[in-house]
Amino acid sequence: MNYLADEQRYTKMAYHQTGKSGLKLPPISLGLWHNFGGVDTFENSRALSRHAFDLGITHFDLANNYGPPAGSAEETFGQIMKKDLHPYRDELIIATKAGYRMWDGPYGERGSRKSMLSSLDQSLKRLGLDYVDIYYSHRFDAETPLEETMGALDQTVRQGKALYVGVSNYNAEQTEKAANILKSLGTPFVIHQVHYSMFERKLEQGLQDVLAQEGIGSIAYSPLARGLLTDRYLENIPADSRAAGGSVFLRPEDITEEKIAKSRRLNVMAQERGQSLAQMALAWVLRKGRVTSALIGASKVQQLDDNVAALNQLHFTEDESALIDQILA
């Protein structure tokens with residue numbers, strides 16, 4: 001049976017303006033970093049994508065090397081587009097990135113013009129698309145002049161292969177320089193993808209001010225601290241968890257007693273607010289509207305419903321904010 005999107009999807013979600021651009025993103029976006037690789041079950045990945053769109057999540061975030069194996073998340077999403085989402089292409093914001101290791105040799109990573117342009121061509125083939133909506137420089141490359149990397153992003157827009165561009169994992173100074181270069185080129189630099197959560201607050205150390213000054217939006221990845229800001233690890237490491245599975249992104253030694261103690265105190269506070277710990281952590285990232293969107297990962301459809309429910313309670317009192325800062329100190 002052909003997929004038909006929920007007709008009520010746009011009544012379920014409010015959309016945030018991305019910086020000073022005309023682009024709007026849902027406050028919750030779906031990241032395909034995990035659970036969309038060639039090692040994962042396709043029908044589950046498909047169900048996650050369809051249900052996300054039914055909830056009003058229009059933004060799907062990828063990178064060239066997401067998998068595993070590298071590139072397979074784009075291939076999986078390309079199949080989902082072909083089977084289900086292609087009729088809705090103009091309703092979707094699809095992003096991909098380049099910068100981390102993707103293929104052998106000197107051009108398979110970093111930010112050279114050769115690497116950035118070749119990578120996007122490969123991504124478009126895997127996705128089965130003519131263009132992506134956002135193309136990112138995934139990391140700052142000290143070995144390549146910033147003018148070259150930003151010039152490559154500019155070229156992707158002029159070629160019609162990307163509508164907007166962004167950066168990820170750049171610090172405040174690097175971001176400001178990138179913004180000035182792209183501004184001089186007339187290229188729509190609209191978003192910065194940054195690691196931000198209760199346990200990772202570098203965004204607040206100058207970068208957020210630069211983004212506001214330049215009119216650039218932000219999207220937070222790992223807002224749940226790779227699961228540490230959920231109820232998964234409050235007692236022990238579950239056998240079916242990412243940490244127990246030998247993930248390089250969350251190892252048992254990352255789950256420290258100090259962080260678990262903080263999570264337990266935050267969990268009590270979340271319950272008093274009528275939320276799960278994960279819902280409160282997402283609400284906290286989105287508080288005051290300074291972050292455009294939070295990127296979530298999901299392995300089960302129910303997780304999407306639970307995370308989107310965080311939008312029902314985004315307000316924090318001054319006392320709650322002070323208590324959170326005290327717990328995290």
Side-chain angles (χ1 to χ4, degrees), residues 18 23 25-26 28-42 44-53 57-86 88-103 108-109 111 115-139 152-153 156-157 161-169 190-195 217-223 226 249 292-299 304:
T18 308
L23 179 65
L25 293 179
I28 300 290
S29 299
L30 183 61
L32 280 65
W33 187 13
H34 298 286
N35 305 310
F36 283 81
V39 300
D40 298 299
T41 304
F42 174 75
N44 188 57
S45 303
R46 186 182 187 185
L48 289 169
S49 301
R50 289 163 56 150
H51 192 63
F53 188 51
I57 295 174
T58 54
H59 180 31
F60 296 85
D61 179 81
L62 297 119
N64 58 353
N65 62 347
Y66 286 178
S72 60
E74 290 181 329
E75 291 173 348
T76 295
F77 194 70
Q79 292 182 58
I80 294 167
M81 283 296 302
K82 184 177 181 180
K83 292 177 182 292
D84 300 319
L85 296 178
H86 180 72
Y88 306 99
R89 175 63 184 98
D90 292 335
E91 300 179 39
L92 303 176
I93 301 298
I94 301 170
T96 196
K97 318 177 197 70
Y100 286 102
R101 188 73 173 173
M102 179 59 194
W103 66 87
E109 62 179 326
S115 177
M116 296 297 293
L117 297 181
S118 297
S119 183
L120 182 55
D121 284 343
Q122 291 181 21
S123 290
L124 291 175
K125 287 179 182 178
R126 286 189 290 267
L127 290 164
L129 299 176
D130 296 324
Y131 70 95
V132 292
D133 298 276
I134 304 172
Y135 187 44
Y136 288 92
S137 169
H138 207 166
R139 62 166 170 164
L153 291 181
T156 66
V157 174
K161 295 177 180 179
L163 300 186
Y164 304 94
V165 301
V167 302
S168 182
N169 301 307
V190 299
I191 195 163
H192 189 300
Q193 188 170 134
V194 60
H195 188 188
S218 56
I219 184 166
Y221 72 84
S222 294
R226 302 187 176 106
F249 302 108
T292 311
S293 186
L295 269 175
I296 61 167
S299 59
L304 295 172

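Being a predicted model, the structure only gives us computed values, none of them experimental.
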(request) Indicate the atoms forming the closest heavy-atom contact of A162 with Y131, along with that distance. (result) N-CB, 4.4 Å

(request) For residues K97 and L62, report the shortest heavy-atom separation together with the two atoms involved. (result) NZ-O, 2.7 Å

(request) Report the residues that fulfil side chain to side chain donor-acceptor pair (under 3.5 Å) with S168, sequence neighbours left out, ordered by chain and then residue number. (result) none

(request) Using the test side chain to side chain contact (heavy atoms under 4.5 Å, CB included), find all partners of S222 that sit at least two apart in sequence or belong to another chain. (result) W33, H195, R226

(request) Please confirm whether the backbone N or O of E109 pairs with a side-chain atom of S115, one donor and one acceptor, at under 3.5 Å? (result) yes

(message) Quick check: closest heavy atoms across L120 and T96, and the distance to 0.1 Å?
(response) CD1-CG2, 4.2 Å

(message) Can you list everything that forms a side chain to side chain donor-acceptor pair (under 3.5 Å) with T292? Sequence neighbours excluded, please.
(response) none

(request) Could you tell me which residues satisfy side chain to side chain contact (heavy atoms under 4.5 Å, CB included) with A152, sequence neighbours excluded, listed by chain and number? (result) R113, M116, L117

(request) Starting at CE of M102, measure out to OG of S118 and round the result to the nearest 0.5 Å. (result) 12.0 Å

(request) Name all residues meeting the ring-ring contact (aromatic ring centres under 6.0 Å, His included) criterion together with Y136; count only those two or more places apart in sequence or in a different chain, and write none if there are none. (result) none

(request) If a pair satisfies salt bridge (charged side-chain N to carboxylate O under 4.0 Å, His left out) and one of its residues is in residues 29-39, list it, with sequence neighbours excluded. (result) none

(request) Might you work through the side-chain contact (heavy atoms from CB on, under 4.5 Å) test for T18 and I219, ending with a clear yes or no? (result) CA-CA 9 Å; T18 308; I219 184 166; over 6 Å; no

(request) Please list, chain by chain and in numerical order, all residues satisfying side chain to side chain donor-acceptor pair (under 3.5 Å) with Y135, sequence neighbours excluded. (result) none

(request) Check S119 against N64 and note the closest heavy-atom contact, atom names and distance. (result) OG-ND2, 2.9 Å

(request) Report the distance from atom OG of S29 to atom CD1 of I57, rounding to the nearest 0.5 Å. (result) 7.0 Å

(request) Measure from the side-chain N and O atoms of N35 to the backbone N and O of A298, and report whether any donor-acceptor pair falls under 3.5 Å. (result) yes

(request) Would you give the length of the straight line joining atom CG of L92 to atom NE2 of H86, rounded to the nearest 0.5 angstrom? (result) 11.0 Å

(request) To the nearest 0.5 Å, tell me how far S299 OG sits from F36 CZ. (result) 10.5 Å

(request) Drop me the distance from F53's CZ to T58's OG1, to the nearest 0.5 angstrom. (result) 7.5 Å

(request) Look up atom CG in L304 and atom CG in L30, then write down how far apart they are to the nearest 0.5 Å. (result) 6.0 Å

(message) S72: which residues meet the side chain to side chain contact (heavy atoms under 4.5 Å, CB included) condition with it, sequence neighbours left out?
(response) P69, E75

(request) Apply side-chain contact (heavy atoms from CB on, under 4.5 Å) to the pair F77 and L85, showing each step before the final yes or no. (result) CA-CA 9 Å; F77 194 70; L85 296 178; 4.1 Å; yes

(request) Show the numbers, then the answer: is there a side-chain contact (heavy atoms from CB on, under 4.5 Å) between L23 and I191? (result) CA-CA 10 Å; L23 179 65; I191 195 163; over 6 Å; no

(request) Report the residues that fulfil side chain to side chain contact (heavy atoms under 4.5 Å, CB included) with R46, sequence neighbours left out, ordered by chain and then residue number. (result) F42, E43, R50, I80, K83, D84

(request) Check whether any side-chain heavy atom of L295 lies under 4.5 Å from a side-chain heavy atom of Q193, and answer yes or no. (result) yes

(message) Please give me the minimum heavy-atom distance between N169 and R139, naming the atom from each residue.
(response) CB-CA, 4.5 Å

(request) Sequence neighbours left out, what passes ring-ring contact (aromatic ring centres under 6.0 Å, His included) with Y100? Give chain and number order. (result) H138

(request) Kindly give the heavy-atom pair with the smallest separation between T76 and S45, and that separation in Å. (result) CG2-CB, 3.9 Å

(request) Can you sort out the partners of Y164 under ring-ring contact (aromatic ring centres under 6.0 Å, His included), two or more places apart, ordered by chain and number? (result) none

(message) For residues 117-135, which residue pairs pass the salt bridge (charged side-chain N to carboxylate O under 4.0 Å, His left out) check, not counting sequence neighbours?
(response) E74-R126, R89-D133, D121-K161

